[in-house]
Trainee: 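Pasting in a structure now, in structure tokens, and then I'll have a few things to ask.
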Amino acid sequence: MRATINAVEIAYDDHGIGLPVIFLHAFPLNRSMWTGLAAALLKEQRYRLVAPDWRGFGESAINNTISTMELFAMMWQV
């Protein structure tokens, strides 16, 4: 699936119904790092599993602005 947020296309997986669980991947990977765990949890049929690709990773786009790990870290300090 894809969603456009602040003019950036973000790719994500969204499966199941129930208690939401959000998987956030590590740098420099993508949402596919959760495939095995997500498949196991889906069998329980109790969870809604959402796994996005961070901006610029996997199938998510990156826009024209400068995007570095330093700027990302500074964003969370505000």
Side-chain angles (χ1 to χ4, degrees):
M1 304 176 101
R2 296 182 192 278
T4 301
I5 302 168
N6 294 331
V8 177
E9 187 174 89
I10 302 295
Y12 65 98
D13 292 332
D14 186 348
H15 302 287
I17 57 172
L19 185 66
V21 177
I22 300 180
F23 294 102
L24 302 176
H25 66 79
F27 175 82
L29 304 174
N30 61 41
R31 71 186 190 268
S32 69
M33 75 175 278
W34 298 113
T35 302
L37 182 57
L41 288 174
L42 278 173
K43 289 178 184 176
E44 295 186 25
Q45 299 181 353
R46 300 186 312 160
Y47 303 102
R48 177 181 178 193
L49 308 175
V50 180
D53 278 334
W54 289 108
R55 175 192 283 190
F57 293 90
E59 297 177 18
S60 289
I62 191 165
N63 60 7
N64 296 357
T65 62
I66 297 172
S67 184
T68 66
M69 288 302 292
E70 291 80 13
L71 287 175
F72 183 73
M74 286 180 5
M75 177 178 73
W76 292 103
Q77 293 176 8
V78 175

Trainee: Would you mind telling me which of D14, D13, I5, L24 makes a side chain to side chain contact (heavy atoms under 4.5 Å, CB included) with P52?
Mentor: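 Answer after filtering D14, D13, I5, L24: L24.
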Trainee: To the nearest 0.5 Å, what is the distance between CD1 on I10 and CE on M1?
Mentor: 14.5 Å
Trainee: Taking side chain to side chain donor-acceptor pair (under 3.5 Å) as the test, write out the residues that go with T35, two or more places apart.
Mentor: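 None.
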Trainee: Check whether any side-chain heavy atom of R48 sits under 4.5 Å from a side-chain heavy atom of V50, and report yes or no.
Mentor: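 Side chain of R48 against side chain of V50, heavy atoms only: contact under 4.5 Å found.
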Trainee: Keeping the roles fixed (side chain from R2, backbone from E59), state whether a donor-acceptor pair exists under 3.5 Å.
Mentor: yes
Trainee: Crowded around E44 CD? As in, over 12 foreign heavy atoms under 6.0 Å?
Mentor: yes
Trainee: Could you grab the distance from atom NE2 of H25 to atom CZ of F57, nearest 0.5 Å is fine?
Mentor: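 Result: 6.5 Å between the selected atoms.
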Trainee: Tell me whether T4 contacts the main-chain N or O of E9 through its side chain, where contact means a donor paired with an acceptor under 3.5 Å.
Mentor: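 Answer holds: no.
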Trainee: Other than Y47, which residues form its hydrophobic cluster under the rule that side-chain heavy atoms must be closer than 4.5 Å?
Mentor: L19, V21, F23, L29, M33, W34, L37, L41, L42, L49
Trainee: To check you understand the geometry: which heavy-atom pair defines the closest contact between S60 and A11, and what is its length?
Mentor: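 What the structure gives for the nearest pair is OG-N, 2.8 Å.
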Trainee: Any donor and acceptor pair, going by atom type alone, linking the side chain of D53 with main-chain N or O of R31 inside 3.5 Å?
Mentor: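 Such a contact is found between D53 side chain and R31 backbone.
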Trainee: Without swapping roles, check the side chain of N30 against the backbone of S32 for a donor-acceptor pair under 3.5 Å.
Mentor: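 It does hold such a pair.
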